[in-house]
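I have placed the structure first, in the form of structure tokens, so that the comments after it can refer back to it.
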Amino acid sequence: MSFLNNCRQFTNLSAMKANFLQRINTVLPLVSDLVHAHVAMYTFSKKENYFTVVSEFEPHTTYNPIKQSLIGKEIPKVQEPLIDKTIKFKSKYEGQRELDFGKFYQMYTIPIVVDYEVIAVICFEINYEDTQTRGFTRLLKTAFIILENAPKKADNKMYRAISSRDGIIITDKNERIIFANMVASRIYHVLGVSNLLGCHLFDRQLTLHIRKETILPRCPYEKEIEVGNLVLIRRDIPINEAGNLLTRIVILSDVTEIRKKDKELKIKSAVIQEIHHRVKNNLQTIASLLRLQARRSNSMEVKEALRESVNRILSISVVHEFLSQQGDENIDVMEVTKNILQLIQQNMLDSHFKLETEFIGETIILPSKQASNLALIINELILNSIEHGFLGRNYGKIGLKISQSDEAYIIELYDNGNGLPENFSDLPTKSLGLQIVRTLIEGDMNGSFDLYNDNGVHAKIAIPYKFLMESEVDV
């Protein structure tokens, strides 16, 4: 549920006050991670003498023992004396909360005031050990500054959560570094800077390895920068009051290994695409050689056999053409079928034959191995329709319908031709095409295949989801 919905459902806050609190809520993910705190926003419940929590965040930078969500729960004021005190005196307070027997957590509260009225309280709950770490007081003070000066149009992306692997640098109003965590210190140590504290953020020693870019120092920004042999994402958040800088927070995320892996994957993808392109070209070369052989033959039976072989080869080349043009190894069945139909119209159909096509249902995406098999299957079924279903006719329709059952994808190829002979099931299967179809569907894809009449021939193929999942694991 969204923050504004929480306000509408659990409180009597006006729309103006709820929108003001939403602005504060935007910065809470970053605040929570900066001070390693479970952060909750308390406000008045609809029920008198009760509080409710409309927002809460868990830190990503430390272990959080507080697992139970409080959002929407009515909490008696007597159970939250520090919250009540913060509202009465409109001031920040510090206290303790006992979560487990003998286990106390530090509490820090800050009131949110609108027109001299406290409309909410931000509560930090922090493990005592975290409050004793180096620089915690500085982090807490920075968190308070962020809350007190949350921008009117805060960018959720800029104030998003950080992790324990991110470097944090905080400066004073003069851009002098007053805090740097261990991760930031390690990053700059690699660049030959041994001590960050006291340095000016834009000192030449710190920016020596950074590609120079024009920035707006008073506005938050995020850039990916190359620093020496490192690739960093630098998030820069200045906190201003009346146009004057109060403090600046810089978040450094080391993405060197990620970018290295990305580059390797791009190279691998390019190589695979080139291989598919060459396979497609080789298949088309073989098809051309078979066409040449067919033209040299005086036997119509040989010509027909070679022409069918050409089309089988080209149907497989369609799959490799798709794979050579895209980054992944998956194929759109609907698009493959359209391309195969186009090939057959160019190579197998008489120029006077009028073929109508129809495509129904949503497409399915198959791994390349199964797509190659399916391309061959679709090619054989379409050829059967043209050779037998439309015998003696100069027009016809071929369609593809895709649907899903509880256990399988259902692919149905159909025509409006002459249909199957009445005794088709009793006839011996001599067609090489149908033998190929049954072998691929039932043997290689663990599916089922059925032929039946319904205003033409319908070929129904079922490919189990389980088989496709197992195939992906094998790959």
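What's counted below: heavy atoms across the whole structure, side chains too, no hydrogens, waters or symmetry copies. These figures come from a predicted structure and were not determined experimentally. Heads up: numbering here begins at 1 and tracks the sequence.
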Donor-acceptor pairs are to be reported for all side-chain atoms of residues 23-30 against protein atoms at under 3.5 Å, with residues two or more places apart or in another chain.
{"from": "Arg23", "atom 1": "NE", "to": "Ala150", "atom 2": "O", "distance (Å)": "3.0"}
{"from": "Arg23", "atom 1": "NE", "to": "Pro151", "atom 2": "O", "distance (Å)": "3.4"}
{"from": "Arg23", "atom 1": "NH2", "to": "Ala150", "atom 2": "O", "distance (Å)": "3.1"}
{"from": "Asn25", "atom 1": "OD1", "to": "Ser55", "atom 2": "OG", "distance (Å)": "2.4"}
{"from": "Thr26", "atom 1": "OG1", "to": "Gln22", "atom 2": "O", "distance (Å)": "3.0"}

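With rounding to the nearest 0.5 Å, the separation of CG in Leu290 from CD1 in Ile313 is 4.5 Å. To the nearest 0.5 angstrom, Tyr63 atom OH is 9.5 Å from Asn127 atom CG. In this structure, Lys354 NZ and Arg393 CZ are separated by 13.0 Å, a value rounded to the nearest 0.5 Å. From Ile364, atom CD1 reaches atom OG of Ser403 across 9.5 Å, with rounding to the nearest 0.5 Å. Here Leu82 contributes atom CG and Tyr42 contributes atom OH; the two are 10.0 Å apart, rounded to the nearest 0.5 Å.
Closest approach of Leu451 and Ala459 over heavy atoms only: CD2-CB, 3.6 Å. The two residues Thr43 and Ile119 come nearest to each other via the heavy atoms OG1-O, 2.6 Å. Considering every non-hydrogen atom in both Asp130 and Phe136, the closest pair reads O-CD1, 3.7 Å. The nearest pair of heavy atoms linking Phe449 to Leu381 is CZ-CD2, 4.0 Å. In plain terms, the two heavy atoms of Gly167 and Asn181 that are nearest each other are CA-OD1, 3.4 Å. Between Pro59 and Ala37, the shortest heavy-atom distance links the atoms CD-O, 3.4 Å.
Arg278 CZ: 12 or fewer foreign heavy atoms inside a 6.0 Å radius. Surrounding CZ of Phe359 are more than 12 heavy atoms belonging to other residues, nucleotides or ligands, all under 6.0 Å away. Within a 6.0 Å sphere centred on CD of Glu407, other residues, nucleotides and ligands contribute 12 heavy atoms or fewer. For CG of Asn455, the number of neighbouring non-hydrogen atoms (other residues, nucleotides, ligands) closer than 6.0 Å is 12 at most. Surrounding NZ of Lys401 are at most 12 heavy atoms belonging to other residues, nucleotides or ligands under 6.0 Å away.
For His458, the ring pair (Phe, Tyr, Trp, His ring centres under 6.0 Å) criterion is met by Tyr414, Tyr452, not counting sequence neighbours. Remark: Glu74 pairs with no residue by the salt bridge (Lys or Arg N to Asp or Glu O under 4.0 Å) rule, at least two apart or across chains.
With Asp166 contributing its side chain and Ser163 its backbone, the two residues share a donor-acceptor pair below 3.5 Å. Side-chain atoms of Asp254 do not come within 3.5 Å of backbone N or O of Leu232 as any donor-acceptor pair. Judged purely by atom type and a 3.5 angstrom limit, Gln293 has no side-chain atom pairing as donor or acceptor with the backbone of Leu306. Under the 3.5 Å distance criterion, the side-chain polar atoms of Thr52 are matched with a main-chain donor or acceptor of Lys73. Between the side chain of Asp236 and the backbone N or O of Tyr221 there is no donor-acceptor pair closer than 3.5 Å.
Annotation: side chain of Tyr50 is in contact with side chain of Pro76 (closest heavy-atom distance under 4.5 Å). Phe57 has its side chain out of reach of Val31: every pair of non-hydrogen atoms, C-beta onward, lies at least 4.5 Å apart. Using a 4.5 Å heavy-atom threshold, the side chains of Asn384 and Val437 count as separate. The closest side-chain heavy-atom distance from Ile162 to Arg235 is below 4.5 Å. At least one side-chain heavy atom of Ile251 sits under 4.5 Å from a side-chain heavy atom of Ile249. Side-chain contact between Phe44 and Ile87 is present, with heavy atoms from C-beta onward closer than 4.5 Å. Counting heavy atoms from C-beta outward, Tyr105 and Tyr128 have side chains that stay 4.5 Å or more apart. Counting only heavy atoms from C-beta outward, the side chains of Leu374 and Tyr409 never approach each other to under 4.5 Å.
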Inset, instruction - Decide yes or no on side chain to side chain contact (heavy atoms under 4.5 Å, CB included) for Arg259 and Ile233, but give the supporting numbers first. - result: CA-CA 11 Å; Arg259 294 296 176 262; Ile233 292 178; 4.0 Å; yes
Legend entry - Worked check of side chain to side chain contact (heavy atoms under 4.5 Å, CB included) between Tyr108 and Ile122: CA-CA 8 Å; Tyr108 300 89; Ile122 307 299; over 6 Å; no
Inset, instruction - Under the side chain to side chain contact (heavy atoms under 4.5 Å, CB included) rule, what do Phe124 and Leu140 come out as? Steps first, then yes or no, please. - result: CA-CA 10 Å; Phe124 300 165; Leu140 186 65; 3.7 Å; yes
Inset, instruction - Walk me through it: do Arg97 and Glu80 pass the test salt bridge (charged side-chain N to carboxylate O under 4.0 Å, His left out)? - result: CA-CA 10 Å; Arg97 186 196 297 280; Glu80 295 290 354; 3.1 Å; yes
Inset, instruction - Verify salt bridge (charged side-chain N to carboxylate O under 4.0 Å, His left out) between Glu257 and Lys261, making sure each step is shown before the conclusion. - result: CA-CA 6 Å; Glu257 288 302 314; Lys261 292 291 182 185; 5.7 Å; no
Legend entry - side chain to side chain contact (heavy atoms under 4.5 Å, CB included) between Lys260 and Lys263, intermediate numbers included: CA-CA 5 Å; Lys260 183 179 177 182; Lys263 186 176 180 180; 5.8 Å; no
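With respect to Arg160 and Glu222, a salt bridge is recorded, a charged nitrogen being found less than 4.0 Å from a carboxylate O.
For the salt bridge (charged side-chain N to carboxylate O under 4.0 Å, His left out) condition, no pair includes a residue of residues 28-55, sequence neighbours left out. For residues 292-303, no residue pair satisfies the salt bridge (charged side-chain N to carboxylate O under 4.0 Å, His left out) rule, not counting sequence neighbours. Pairs of residues two or more places apart, or lying in two chains, never qualify as salt bridge (charged side-chain N to carboxylate O under 4.0 Å, His left out) while including a residue from residues 444-460.
No hydrogens or angles considered: a donor-acceptor pair under 3.5 Å links the side chains of Gln106 and Gln96. For the residue pair Thr61 / His36, a side-chain donor-acceptor distance below 3.5 Å is found, with atom types taken as modelled. Remark: the Arg8 side chain and the Asn5 side chain contain an N/O donor-acceptor pair separated by less than 3.5 Å.
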